[in-house]
Chemist: 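One structure follows; several queries about it will come next.
Just follow the structure's listing: the first ligand is 1, and inside any ligand the first atom is 1. For clarity, every value in this text was computed on a predicted model and none was experimentally measured. Residue numbers run from 1 in the order of the sequence given.
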Amino acid sequence: MSSEEKGGGATVLRWSLLKLLVSALAAALFFWAIDALCITANASTASTFSFVAITISSADKPSLPPSKPADAPKLSSWISVPAAPSFTSTLVSRWLAPGGQPCRDSRTTDIAVPELDQERIVELPCGESHEFVISALDDGGRPRCLGGDYFETDLSGSSWKSRPPMVDHGNGSYSFKLQVHPDFVGEYNLSIVLLFRSFEGLKLSPERFKFRREMRRIPIRFYRSNALLPPLHICRGGTGSADFSKEVWSGRWTRHAKNDTCTVDDEGRYRCLGPSILCPKPWCDGQLSALESNGWVYSAHCSFRIFTQDLAWKCLKNKWLFFWGDSNHVDTIRNMLNFVLGRGDIESVPRRFDMNFTNPDNDSETVRITNIFNGHWNVSSNYLGLQSLRNEGFRGLVLDFLRGSRAPDVMVFNSGLHDGIYWRSIRAFAEGAEYAAKFWEQVMRDVKHEGNAAVPRIFYRTTIATGGYARDLAFNPSKMEAFNGIFLEKLKEKGLITGGVIDEFDMTFPWHYDNRCNDGVHYGRKPAKTQWRDGEVGHQYFVDLMLVHVLLNAICNE
Ligand SMILES: *[C@@H]1O[C@H](CO)[C@@H](O)[C@H](O)[C@H]1NC(C)=O
Ligand SMILES: *[C@@H]1O[C@H](CO)[C@@H](O)[C@H](O)[C@H]1NC(C)=O
Ligand SMILES: *[C@@H]1O[C@H](CO)[C@@H](O)[C@H](O)[C@H]1NC(C)=O
Ligand SMILES: *[C@@H]1O[C@H](CO)[C@@H](O)[C@H](O)[C@H]1NC(C)=O
Ligand SMILES: *[C@@H]1O[C@H](CO)[C@@H](O)[C@H](O)[C@H]1NC(C)=O
Ligand SMILES: *[C@@H]1O[C@H](CO)[C@@H](O)[C@H](O)[C@H]1NC(C)=O
């Protein structure tokens, strides 16, 4: 199945494949795609819900046959966030938009979601994409006409968690899309939280501006329909692959097993499922239990292989991985060594190091990992972020690694939480990001001029969505999402994103409402059977472990 989707014409090929599928529905060849069909649409139920606005993004719109029998499967497409052209300038100009009229100067205290508010019971067909509009209202119930409100959206059922992507139209109206795959028919809640208003999350000290109010919690039943979604393939990370070039992901966590009696064990581990529990296709490939997630797994526009120790070493041996970012990298690297590479003996790794690690099962296999913490040029300080590159000694430290005859094979960047605390405004951050991008552009130019050094594949790993109490702080999700977009745009403008994007923000978002899977600012803290932030004993670290596997997919699935 996978080879059909290779290369630039992926979308076109995917759709021609699907059209083929529809016309040859009986073809047992495609049994697992057909598995995903639900063809038991109940006509009377469907007609009751004609209010639903169904949108298929025009770019992906397949040319449907002009007439088809009532029960024929209907081709739909996955919801997807398009790349925002001029992300930084659009954001800055909206942030600077002058007031002067009541609808601009007022503040949002309520919302209207007409198509959902009018229904007593909301029922939607699965598979399809449903678009809804939010109007921001002032305290007199009048529509506002400026954007900048930051909504957190959550669509959750017992086996599905996703963040419906939200679009700010800049005029007081916002739109979002809901979609649930046909395999996950059932009861859901849509929750819409207004976290910050009028770009106030971007302030240097936003805490006292937090609004953090649940504006809606709407039960929704997703029912069977005849919609068909393209099957996901395993993400490919090679040069020229479209999979990791997607800038903003809109994935979901799905659950495929559950042990109701599972608890964190004496070692702090969350081992709930036996090794025989495998991933059901197409949601992942490999041993589901290895994630220690009690059955949850993340997938996006493509899905991920769960690596075994053997497979990971086959790929990583002789490679040099170079990380530059915040302390979440430190956790991710340790988790990769502990959980995947068989190096449970490594208790911790420092913020700044350069080491070779050997496969405990085969001492002729080693990997070199370098990590440079970028929260401050002083490795024991914090909260300087990208500004740390203004320090000559720090630039020299980074450069020394890249001056030799061999360059890293893979580099993973992020900007990080420290920027949230340092920069006075998004405009100031944009300047800092521009400086950082120019620095790396020069470094890569030098690497190329070295001649004999192969140029590294560079990935941008977006900064996490901070969790629980940290949602209100200087590195809140509203600011981090903006910073992610700005820095990524700057790096792309300089041609630096040669590997792609790993959207950790989207991956962490469904788990950021409390501190069960994070301590506010890290999702991969070491397992420990001690009291956690939320008062319970132990915590769940699987979100970072999932990231480890996503990284391995990016590095290894060439
Ligand atoms: C806001 O902008 C969107 C997108 O341009 C447009 O579709 C919508 O009609 C506008 N809404 C209002 C209330 O002006
Ligand atoms: C929806 O939210 C309500 C209230 O918090 C909760 O009782 C219910 O279990 C939730 N339903 C689902 C499907 O998650
Ligand atoms: C469920 O998890 C517990 C540990 O918390 C374990 O002892 C038990 O064997 C697990 N059950 C199954 C069916 O895997
Ligand atoms: C790691 O191994 C490489 C050779 O593969 C060697 O050049 C380098 O010095 C080693 N680094 C460390 C820190 O041991
Ligand atoms: C150890 O690794 C080397 C290099 O990858 C490989 O050639 C060799 O077959 C491995 N040995 C075993 C016993 O797997
Ligand atoms: C780095 O920071 C630590 C702790 O803040 C401080 O003690 C140390 O002097 C600093 N080092 C340099 C070189 O400034």
Side-chain angles (χ1 to χ4, degrees), residues 113 116 119-124 126 152-164 178-181 183-193 212-224 252-255 258 260 294-296 307-321 326-327 340-343 350-353 356-368 372-385 387-398 400 409 418 421-422 509-514 516 534 552 555-556 558:
V113 197
L116 290 175
E119 299 302 316
R120 207 171 48 83
I121 302 166
V122 183
E123 303 193 27
L124 300 171
C126 62
E152 295 172 314
T153 50
D154 182 61
L155 183 63
S156 283
S158 57
S159 304
W160 178 286
K161 273 178 168 304
S162 66
R163 175 202 192 191
L178 302 181
Q179 183 179 49
V180 167
H181 187 275
D183 286 0
F184 298 87
V185 163
E187 308 297 325
Y188 288 76
N189 281 323
L190 167 69
S191 131
I192 302 173
V193 174
R212 205 209 258 231
R213 198 171 295 168
E214 189 170 76
M215 310 303 284
R216 291 290 184 282
R217 186 178 194 84
I218 303 172
I220 301 179
R221 192 170 74 83
F222 278 89
Y223 63 87
R224 289 195 181 284
R252 83 284 327 158
W253 286 83
T254 52
R255 186 173 218 172
K258 191 176 182 217
D260 284 320
N294 204 356
W296 288 102
F307 279 71
T308 57
Q309 181 176 331
D310 204 42
L311 204 58
W313 276 109
K314 277 206 170 58
C315 157
L316 295 186
K317 68 177 182 209
N318 303 325
K319 280 198 170 61
W320 178 11
L321 316 183
D326 69 5
S327 53
V340 185
L341 297 180
R343 295 299 306 266
R351 281 177 160 191
R352 194 187 280 175
F353 71 87
N356 292 323
F357 298 96
T358 303
N359 182 355
D361 293 349
N362 184 340
D363 60 14
S364 62
E365 295 183 331
T366 60
V367 60
R368 177 175 178 188
I372 305 292
F373 172 72
N374 73 0
H376 201 289
W377 53 263
N378 178 340
V379 75
S380 47
S381 291
N382 289 304
Y383 309 142
L384 206 53
Q387 179 70 0
S388 55
L389 281 177
R390 298 274 180 180
N391 179 280
E392 196 183 343
F394 185 66
R395 289 200 305 276
L397 174 95
V398 173
D400 277 348
D409 298 282
H418 300 263
I421 296 186
Y422 179 76
F509 204 90
W511 306 103
H512 91 290
Y513 292 95
D514 58 25
R516 189 82 298 260
D534 58 5
L552 288 169
I555 295 168
C556 301
E558 287 200 64

Chemist: Does the side chain of His512 reach to within under 4.5 Å of the side chain of Glu152, using non-hydrogen atoms?
Modeler: yes

Chemist: Between Phe373 and His418 (judged by ring centroids, cut-off 6.0 Å), do the two rings come close enough to count as a pair?
Modeler: yes

Chemist: Output yes when the distance from some N or O of ligand 2 to some N or O of Asn189 is under 3.5 Å, and no in every other case.
Modeler: yes

Chemist: With heavy atoms only and a cut-off of under 4.0 Å, state how Lys317 meets ligand 5: side chain, backbone, both or neither.
Modeler: side chain

Chemist: Could you tell me whether the side chain of Asn359 reaches within less than 4.5 Å of the side chain of Gln309, counting heavy atoms only?
Modeler: yes

Chemist: What atoms of ligand 6 come within less than 4.0 Å of a heavy atom belonging to Ser380?
Modeler: 1 (C), 2 (O), 3 (C), 4 (C)

Chemist: Report the nearest protein non-hydrogen atom to atom 6 (C) of ligand 5: residue, atom name, distance rounded to 0.1 Å.
Modeler: Asn362 ND2, 4.1 Å

Chemist: Taking the basic N atoms (NZ, or NE/NH1/NH2) and the acidic carboxylate oxygens, is any pair closer than 4.0 Å for Asp534 and Arg516?
Modeler: yes

Chemist: Considering heavy atoms of the protein only, find what lies nearest to atom 5 (O) of ligand 6 and give residue, atom and distance to 0.1 Å.
Modeler: Ser381 OG, 3.4 Å

Chemist: Which residue holds the protein heavy atom closest to atom 4 (C) of ligand 2, what is that atom called, and what is the gap in Å?
Modeler: Arg217 NE, 3.6 Å

Chemist: Within the side chain of Arg351, is there an N or O that forms a donor-acceptor pair under 3.5 Å with the backbone of Val379?
Modeler: yes

Chemist: Just jot down the ligand 5 atoms closer than 4.0 angstrom to any heavy atom of Glu365, in number order.
Modeler: 2 (O), 4 (C), 5 (O)

Chemist: Using a strict cut-off of 4.0 Å, indicate which atoms of ligand 2 neighbour a heavy atom of Glu187.
Modeler: 13 (C)

Chemist: Mind listing the closest non-hydrogen atom pair of Thr358 and Asp363 along with its distance?
Modeler: CG2-CA, 3.4 Å

Chemist: For His376 versus Ser388, what's the shortest heavy-atom pair and its separation?
Modeler: C-CB, 3.7 Å

Chemist: Just checking Phe222 against Phe184, ring centres under 6.0 Å apart?
Modeler: no

Chemist: Write out the residue and atom name of the closest protein heavy atom to atom 3 (C) of ligand 5, then the distance separating them to 0.1 Å.
Modeler: Ser364 OG, 3.3 Å

Chemist: Going by heavy-atom distance to atom 8 (C) of ligand 6, choose the closest among Asn382, Asn391, Asn378.
Modeler: Asn378

Chemist: Quiz question for you: does at least one protein heavy atom lie closer than 4.0 Å to atom 10 (C) of ligand 5?
Modeler: yes

